[in-house]
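A short worksheet on the structure shown next.
Labels below follow one simple rule: chain letters A, B, ... track the order of the sequence lines, proteins then strands, and each chain is numbered from 1.
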Amino acid sequence: MQRIKIKDLLKSTNYGSKVCIKGWVRSKRDSKTVAFVAINDGSIIHNIQAVIDTPNFEEDYLKDVQTGACVKIEGTLVQSQGKGQSVEIQASSVEVYGKADPETFPLQKKGHSLEFLREIAHLRPRTNTFGAILRMRHAMAFAVHQFFNSKGFVYVHTPIITGADCEGAGEMFRVTTMDLKKIPIENGQVNFENDFFGKETSLTVSGQLNGELAAMALGEIYTFGPTFRAENSNTSRHLAEFWMIEPEVAFNELDDNMNLAEDFLKYLVKYALENCSDDLEFLTNLYDKELINKLKFVVENDFIRLTYTEGVEILKHCGHKFEYKVDWGTDLQSEHERYLVEKHFKKPVILTNYPKEIKAFYMKQDADGKTVRAMDVLFPGIGEIIGGSQREENYEKLIARVRELGMSEKELWWYLDTRKFGTAPHAGFGLGFERLMLFVTGMGNIRDVIPFPRTPKNAEF
RNA sequence: UCUUCCUUAGCUCAGCCGGUUAGAGCACUUGACUGUUAAUCAAGGGGUCCUUGGUUCGAGCCCAAGAGGGAGAGCCA
């Protein structure tokens with residue numbers, strides 16, 4: 001018999017029809033002559049209930065139908081006699097594909113802490129919470145492509161292995177095939193001549209520089225791929241391996257960039273509200289009663305836009321006592337950003353025109369020579385969800401900045417070439433996919449919105 | 001990396017001032033129950049109190065070091 005997905009079965013009103021489902025047992029409730037088994041197959045957060053009249057089955061036949069087991073159940077779709085579900089299956093046959101020894105299977109019917117589930121990341125997709133998160137993760141990834149495709153952007157695959165130590169976004173993981181016990185060292189320096197690529201290589205920390213090259217030909221591009229940072233960051237907002245989306249648009253200036261970022265985030269949140277309602281309802285009930293309201297609020301309200309200088313003025317005169325002093329020229333602390341977003345405006349905030357000293361070399365300098373056309377989108381509870389800028393398209397100014405910072409113009413020759421040949425104003429940004437996931441799922445820890453988190457001292461699974 | 005908190009049964013956690021045999025709920029096993037909804041009821045089994053060292057007549061509890069985890073900070077997306 002053809003298998004039907006539980007998602008489709010729960011919508012069916014085809015009572016009396018013979019059906020077949022396959023999935024994992026979430027719970028079994030016994031009494032003398034009848035047993036109720038809740039089955040989930042991952043197609044939807046809800047389970048289907050199979051009703052088993054035990055006298056019709058041989059003794060011990062149902063012994064292996066226990067929490068965690070994988071089963072195939074055939075039977076008749078009927079309207080439920082009990083409360084709590086509208087349809088159920090009156091089972092005629094039960095086959096166990098895979099047992100799950102209840103003495104050793106770690107998942108129970110009752111709730112587990114998120115910390116415990118992290119230790120059994122190979123099994124946590126079988127929980128309601130991670131089923132919901134993984135379905136939403138897929139929906140958000142799909143929506144990213146749909147958004148850009150509808151706007152005529154080209155998806156560009158930038159390299160994961162990079163030879164440039166100049167992306168400037170943090171510590172990098174080395175890539176090598178050298179025997180780590182016999183590294184060739186000459187005059188205190190490692191000789192990479194005989195390494196696989198013949199030069200020092202790393203995992204990418206950003207696809208931006210390559211993305212810019214493509215934007216200078218295709219106009220509107222985006223990247224969406226894994227990104228690696230070897231920072232010793234131990235927070236609920238950082239991963240060593242995460243996924244980043246980086247659009248880059250020729251002829252866009254800072255305002256266009258902000259508009260794109262705001263449209264993009266609203267599109268994604270709206271997509272979640274319209275397409276993930278069952279999962280969102282579950283997450284709202286279990287983790288954050290205000291989750292759905294927060295998502296609606298973001299879709300319905302404009303983001304606040306203000307300059308770094310204006311932000312500093314507000315913070316200086318707000319009367320709130322901060323642990324760290326607010327001072328023009330230094331980067332804002334988390335507590336400052338959080339005050340602006342969560343207390344002062346109570347809305348997402350886009351901060352722009354930061355001092356050039358605290359931002360990357362490629363950002364376009366303002367006429368005053370002090371600030372650059374940077375923009376950070378700050379979200380409640382998460383902080384920086386997007387970081388971006390209009391890029392410096394002027395060759396002289398860009399190379400002056402490269403020299404000023406002591407960077408290698410030799411290594412960057414290909415990037416600098418874009419400013420030599422047909423340069424154009426352009427802008428882009430990076431969205432941390434898992435930070436978006438934090439926001440749309442209401443989860444508090446970034447390790448819970450990616451299937452297998454990679455963090456300092458943790459690469460299990 | 002810094003600050004701070006935590007680590008006791010499969011899970012969540014209690015454990016008094018340092019004192020005899022370390023507890024509860026859930027889970028599990030067995031039994032009861034004709035429709036359950038995290039089913040219910042009864043009985044039973046289950047412990048390297050994170051590790052190492054120290055203080056003490058005596059340590060789950062006090063001290064030191066280490067490991068792992070959480071929260072916050074820095075770095076950032």
Side-chain angles (χ1 to χ4, degrees), chain A residues 26-38 46-55 63 66-68 78 80-85 88 90 100-120 127-128 167-171 205-208 226-246 261 286 322-324 330-338 358-360 376-379 382-388 429-439 444-450 455-458 460:
Chain A
R26 286 294 175 79
S27 78
K28 181 171 73 165
R29 293 176 288 273
D30 274 315
S31 69
K32 195 171 189 178
T33 58
V34 64
F36 303 94
V37 183
H46 305 299
N47 305 324
I48 188 128
Q49 173 162 281
V51 183
I52 298 169
D53 288 325
T54 43
K63 206 172 185 313
Q66 287 172 304
T67 303
V78 295
S80 180
Q81 295 173 34
K83 287 173 186 166
Q85 60 279 317
E88 62 192 18
Q90 188 67 47
D101 176 11
E103 295 282 3
T104 52
F105 184 62
L107 288 171
Q108 304 163 17
K109 286 190 268 188
K110 302 220 168 184
H112 296 282
S113 70
L114 293 168
E115 289 84 356
F116 173 67
L117 293 176
R118 258 172 239 156
E119 293 170 15
I120 51 164
T127 62
N128 286 332
E167 289 168 354
E171 294 294 311
V205 292
S206 166
Q208 180 199 318
T227 310
F228 307 88
R229 305 238 171 125
E231 301 286 349
N232 191 7
S233 296
N234 294 286
T235 79
S236 52
R237 307 182 303 282
H238 288 87
L239 291 165
E241 176 183 289
F242 62 100
W243 289 67
M244 189 154 63
I245 299 134
E246 296 178 286
L286 199 58
F322 295 107
E323 197 179 330
Y324 293 89
T330 59
D331 214 349
L332 295 180
Q333 304 287 317
S334 278
E335 57 171 343
H336 303 143
E337 295 180 349
R338 210 178 298 136
I358 58 173
K359 287 294 179 184
D376 284 0
V377 181
L378 309 176
F379 259 41
I382 291 157
E384 187 179 344
I385 196 169
I386 278 179
F429 59 81
L431 168 71
F433 187 57
E434 284 75 17
R435 290 197 178 166
L436 170 77
M437 287 301 301
L438 279 179
F439 186 72
N445 193 311
I446 203 160
R447 297 171 182 110
D448 296 329
V449 295
I450 187 167
T455 53
K457 298 281 186 305
N458 183 8
E460 192 69 39

Nearest-Å distance for atom pair [atom1]/[atom2], residues [X] and [N]:
X      : N      : atom1 : atom2 : answer
A:L438 : B:rC76 : CG    : P     : 19 Å
A:D376 : B:rC76 : CG    : P     : 10 Å
A:F242 : B:rC76 : CZ    : C1'   : 8 Å
A:N232 : B:rC76 : CG    : P     : 15 Å
A:Q108 : B:rA9  : CD    : P     : 13 Å
A:D101 : B:rA27 : CG    : C1'   : 13 Å
A:N234 : B:rC6  : CG    : C1'   : 16 Å
A:R338 : B:rG72 : CZ    : P     : 7 Å

Please state whether the phosphate of [N], meaning OP1 or OP2, lies under 4.0 angstrom from any side-chain nitrogen or oxygen of [X].
X      : N      : answer
A:N445 : B:rA71 : yes
A:S334 : B:rG74 : yes
A:R237 : B:rA73 : yes
A:Q333 : B:rG74 : yes
A:R118 : B:rG70 : yes
A:Q208 : B:rC76 : no
A:T67  : B:rA27 : no

Hey, is the side chain of [X] pairing donor to acceptor with the base of [N] inside 3.5 Å?
X      : N      : value
A:E115 : B:rG68 : no
A:S233 : B:rC76 : no
A:Q85  : B:rU36 : yes

*Are side-chain heavy atoms of A:T455 and A:N234 found at a separation under 4.5 Å?*
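No - every pair of side-chain heavy atoms lies 4.5 Å or more apart.
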
*Taking atom C1' in both B:rC26 and B:rG68, compute the distance separating them and give it to the nearest angstrom.*
25 Å

*Take atom C1' in B:rU56 and the same atom in B:rG66, then report the distance between them in whole Å.*
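About 23 Å, rounded to a whole number of Å.
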
_If you assign each of A:T33 and A:S113 to its closest nucleotide in RNA chain B, which residue comes earlier from the 5' end?_
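Mapping each residue to its closest nucleotide by heavy atoms, the 5'-most match is A:S113.
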
_Judged by each residue's nearest nucleotide on RNA chain B, which is more toward the 5′ side, A:L332 or A:Q81?_
A:Q81

_Stem regions touching RNA chain B, defined by at least 3 consecutive Watson-Crick or wobble G-U pairs below 3.5 angstrom_ = B:1-7 with B:67-73, B:10-13 with B:23-26, B:28-32 with B:40-44, B:50-54 with B:62-66

*Between A:H336 and A:Y324, is the gap from one ring center to the other below 6.0 Å?*
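No: the rings miss the under 6.0 Å criterion.
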
*Just jot down the salt bridge (Lys or Arg N to Asp or Glu O under 4.0 Å) partners of A:E246, sequence neighbours excluded, or say none.*
none

_Check A:D376 with A:K359, please: is the shortest side-chain N to carboxylate O separation under 4.0 Å?_
yes

*Any idea which heavy atoms bring A:V205 and A:T227 closest together, and the distance?*
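Minimum heavy-atom contact is O-CG2, 3.1 Å.
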
What's touching nucleotides 39-43 of chain B from the protein side, N or O pairs under 3.5 Å?
{"unit_1": "B:rA39", "atom_1": "OP1", "unit_2": "A:K109", "atom_2": "NZ", "d": "2.7"}
{"unit_1": "B:rA39", "atom_1": "OP2", "unit_2": "A:R29", "atom_2": "NH1", "d": "2.6"}
{"unit_1": "B:rA39", "atom_1": "N6", "unit_2": "A:D30", "atom_2": "O", "d": "3.0"}

